[in-house]
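Here's the structure we're looking at; comments come further down.
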2 protein chains.
Amino acid sequence: MSKCEQCIVREFSALKALNKDELLKLADCKTSFTVKKGDIIFEEGDSLDGIFCVKDGVCKLTKLSSNGKDQIVKLVTKGELLGQRSLISEEPTNLGATALEDMQVCFVPKSQVMEFFNVNNKFSLSMMKNVCHDLKEADNVLVNLAQKSVKERLAITLLYLHDTFGVNADESLKIQLSRDEISSIIGTATESCIRLLSDFNKSGWIELSGKKIILKNKKELRKLAE
Amino acid sequence: MSKCEQCIVREFSALKALNKDELLKLADCKTSFTVKKGDIIFEEGDSLDGIFCVKDGVCKLTKLSSNGKDQIVKLVTKGELLGQRSLISEEPTNLGATALEDMQVCFVPKSQVMEFFNVNNKFSLSMMKNVCHDLKEADNVLVNLAQKSVKERLAITLLYLHDTFGVNADESLKIQLSRDEISSIIGTATESCIRLLSDFNKSGWIELSGKKIILKNKKELRKLAE
DNA sequence: TTTAGAACATGATATTTGTCATCCTTTAGT
DNA sequence: ACTAAAGGATGACAAATATCATGTTCTAAA
């Protein structure tokens with residue numbers, strides 16, 4: 001059982017507000033596990049009995065719409081927590097979580113998190129800041145979905161993927177999403193997404209080879225994304 | 001200066017976690033004021049030095065998109081708080097707030113809120129629950145904007161206005177929004193919104209007379225909204 | 001290695017939604 | 001009461017997007 005002190009999650013999440021003693025407690029009660037690409041971490045409506053720390057890998061948070069299509073609401077990457085909202089609200093999850101890559105995850109039981117809430121105000125405040133940040137992001141995405149065209153949203157999404165997850169040595173986006181998943185982020189039909197990617201490709205703004213996407217002209221993409 | 005003990009905001013918001021002493025402190029430091037319909041409470045990007053308690057009336061939270069159109073992200077009504085996210089994140093506001101009706105509002109300075117955070121864990125947790133609820137709602141709206149047609153979103157919005165703000169004696173929606181504002185909730189062109197309202201009217205699902213809207217066939221509207 | 005299924009791509013077409021123009025109605029101010 | 005301005009309504013049309021059909025290219029399992 002590894003210590004939590006050096007964990008990347010501690011660096012970026014609300015866990016940074018924990019002191020040494022609390023970190024020891026955390027290391028003691030947590031359970032580590034791996035998740036394979038495509039595996040479901042939890043489903044929409046599940047009752048969680050704790051939160052997840054993402055040590056490595058990326059997952060998508062999705063919600064099934066009544067039209068039968070999944071919408072990707074957020075991507076969660078290493079260093080972030082998963083399931084806080086559900087835990088704090090004491091409600092079943094509103095979104096499901098599925099691994100986009102192989103992941104390393106720790107589970108921290110609710111009782112321990114609640115104890116931290118009760119004895120460490122900084123932790124509460126830090127967690128609150130996290131949720132507030134998520135809320136701000138959700139509001140921004142919401143406005144984009146309401147006001148921007150599919151083409152603009154695709155440009156925004158490509159730049160987001162570039163800036164958030166970085167690129168490989170060949171400049172291609174590190175995170176690999178299927179066309180279907182990209183469509184599910186921007187909220188459009190898969191065919192429309194594929195067509196627009198082709199258009200971007202023909203315009204020379206991006207380069208496609210298989211699943212690889214290289215952003216060749218970020219300036220033009222940014223102009224679209226505004 | 002009225003006491004906060006009986007205030008409706010206390011009943012519904014995080015303030016319910018405050019004890020008698022804290023409520024006295026609150027009553028002591030707050031400032032009450034009225035806001036006229038159409039007045040701006042704060043603008044997107046403003047730095048707030050506290051939070052607002054909505055004692056009466058309704059306001060809209062909006063964000064200006066780069067296409068020049070305002071998107072209504074949320075409606076805030078009596079009993080709710082305003083500006084928590086900005087205060088907690090210690091950032092300028094992400095959304096602007098404008099009164100849709102005459103309002104009664106109290107302002108509580110940041111220093112006092114932060115003190116409550118520091119001495120009263122229940123208050124922190126309660127505030128966190130509020131933000132979490134907002135996040136869940138934002139995610140749900142986001143999915144609807146991404147996956148539902150304009151017609152479906154209009155049906156959803158009409159039912160939401162009905163259920164949240166209630167009806168007058170003549171069954172018409174209590175909250176009066178311009179066609180432009182309704183469009184700004186569902187994220188569409190004003191003309192499209194007007195056209196669909198006309199369609200609903202012709203189908204007998206709603207009745208329009210001036211600004212008044214009466215939902216005549218909620219069952220059909222719900223079928224659309226799913 | 002072969003092969004079935006998934007993912008990707010593209011054309012044709014239908015549907016939805018936005019834009020522009022115009023007119024009507026209500027409202028607020030003189 | 002009159003008038004200007006805003007809000008509401010509607011038609012004609014354009015643009016964006018979805019849907020359906022079909023073919024191609026990957027990919028993983030037998």
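Chain identifiers are assigned alphabetically (A, B, ...) following the order of the sequence lines, protein sequences preceding nucleic acid strands; residue numbering begins at 1 within each chain. Keep in mind the model is a prediction, meaning the values are calculated, not measured.
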May I have the distance from B/Gln176 (atom CD) to D/dG8 (atom P), rounded to whole angstrom? 10 Å

Result for 5'-nearest mapping on DNA chain D, choosing between A/Gly210 and A/Cys193, is A/Cys193

Go through the N and O atoms of the side chain of A/Arg195 and the base of D/dT19, and report whether any donor-acceptor pair is under 3.5 Å. yes

Listed nucleotide nearest any side-chain atom of A/Ile194, set D/dG7, C/dT17, C/dC8: C/dC8

To the nearest angstrom, how far is B/Lys151 atom NZ from C/dT15 atom P? 12 Å

Can you find a side chain N or O atom of A/Lys37 that sits less than 4.0 Å from OP1 or OP2 on D/dA28? no

Residue-phosphate contact under 4.0 Å: B/Thr188 side-chain N/O, C/dG18 OP1/OP2: yes

Between B/Glu226 and A/Ser66, do the side chains contain an N or O donor and an N or O acceptor separated by less than 3.5 Å? yes

Below the 4.0 Å mark, does C/dT10 have OP1 or OP2 next to a side-chain nitrogen or oxygen of A/Ser198? yes

B/Ser192 vs C/dT17: side-chain N/O to OP1/OP2 distance below 4.0 Å: no

From CD1 of B/Ile186 over to P of C/dG18, roughly how many Å is that when rounded to an integer? 9 Å

From A/Lys223 atom NZ to A/Leu221 atom CG, the distance as rounded to the nearest 0.5 Å: 10.5 Å

B/Asn201 has an atom CG; how far is it from atom P of D/dG8, in whole Å? 15 Å

Assign each of B/Leu196 and B/Glu191 the nucleotide of DNA chain C bearing its closest heavy atom; nearer the 5' end lies the nucleotide of B/Leu196

Rounded to whole angstroms, how far apart are NZ on A/Lys212 and C1' on C/dA7? 17 Å

Does a side-chain N or O from A/Lys211 land closer than 4.0 Å to OP1 or OP2 of C/dA7, or not? no

Do the ring planes of B/Trp205 and B/Phe200 sit parallel (below 30°), tilted (30 to 60°) or perpendicular (above 60°)? tilted

Does NZ in B/Lys74 sit with more than 12 non-hydrogen atoms of other residues, nucleotides or ligands closer than 6.0 Å? yes

Answer yes if the side chains of A/Asp180 and A/Ser178 hold a donor-acceptor pair under 3.5 Å, and no otherwise. no

A/Arg179 CZ to D/dA18 P: how many Å, rounded? 17 Å

What is the distance from CD1 of A/Ile213 to C1' of C/dA7, rounded to the nearest Å? 13 Å

In whole angstroms, how far is the P atom of D/dT19 from the CG atom of A/Asp180? 13 Å

